[in-house]
Participant: 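Right, I'll just put the structure down here and ask away after.
First listed ligand is number 1; within each ligand, the first listed atom is number 1.
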Amino acid sequence: MKNFQSRLQDLKSTIPESVKIVAVSKTKPVEDIQEAYETGQRIFGENKVQEMLNKFLKLPVDIDWHLIGHLQSNKVKQVVSMVGMIHSVDSLKLLNKIQTESQKINRVVPCLIQVHIAMEDSKFGFAPEEVEELFQHLQMEDYPNVRFCGLMGMASFVDDDQQVTNEFRLLKNLFDKLRAEYMADNPDFQEISMGMTGDYKLAVSQGSTMIRVGTLLFGSRS
Ligand SMILES: *Cc1c(COP(=O)(O)O)cnc(C)c1O
């Protein structure tokens, strides 16, 4: 079986160097993450707060922990001191809570607004129309402890490449529009987190700046 390093090299050879790789380590033991760390990987993605916190305590301090799963408002307090980026800001309530808790500890937390781009209706995130409305009404000065870094989305889990491509394109177009209309003065607003093991090539072709890849790097999850 191939190790993390060769899988990472293979992945890197298929995408531009500028695309950031979030190694999604959910369900994987700390030993696997340590091995990946030793190859130079620093960004790891987790989808559960408790699991991320447990791993954070056991692994090197310079790991950049990205929370990629749904975050409940009552757990924000636990993550704001250690998280490197929250990809899954999916409600105004959550955004407000991140502001409040980050301010208490005097930190600015990098965040992505999650947009629901898939046909399936089970996923979290703002609808594209809602996210436009959010940005219209957002007063940036009310969020001094939130760094608005961009958008995140997940495409439908389907074999239809055209559909997946269209969904990623929707997110890219929305990002461009929001940046032009509301974020022209904000140089931090530059990330489009889209693409996973099954669809990262399509995502990169549509302008992804950050892919979240688990299975391809760590092997399948049990
Ligand atoms: C699990 C997960 C991934 C990675 O999935 P793979 O198919 O294993 O690459 C990416 N993004 C989110 C939000 C996830 O929960």
Participant: Please check if atom CG in D142 has more than 12 non-hydrogen atoms from other residues, nucleotides or ligands closer than 6.0 Å.
Facilitator: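 Check passes, neighbour count above 12.
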Participant: When you check the gap from the basic side-chain N to the acidic O, do K55 and E46 get nearer than 4.0 Å?
Facilitator: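 Salt bridge between K55 and E46, a charged N being under 4.0 Å from a carboxylate O: yes.
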Participant: Under a 4.0 Å heavy-atom cut-off, what residues line ligand 1?
Facilitator: V24, K26, I68, M154, M196, T197, R212, V213, G214, T215, R221
Participant: F189 and ring pair (Phe, Tyr, Trp, His ring centres under 6.0 Å): which single residue from F135, Y182, F148 fits?
Facilitator: F135
Participant: Return the set of residues passing side-chain contact (heavy atoms from CB on, under 4.5 Å) with Q190 (not counting sequence neighbours), or none when no residue passes.
Facilitator: none
Participant: With salt bridge (charged side-chain N to carboxylate O under 4.0 Å, His left out) as the criterion, how do E101 and R107 come out once you've worked through the C-alpha distance, each side chain's angles and the decisive distance to 0.1 Å?
Facilitator: CA-CA 9 Å; E101 294 299 335; R107 246 202 110 205; over 6 Å; no
Participant: Would you check if the side chain of E51 reaches a backbone N or O of T27 as a donor-acceptor pair within less than 3.5 Å?
Facilitator: yes
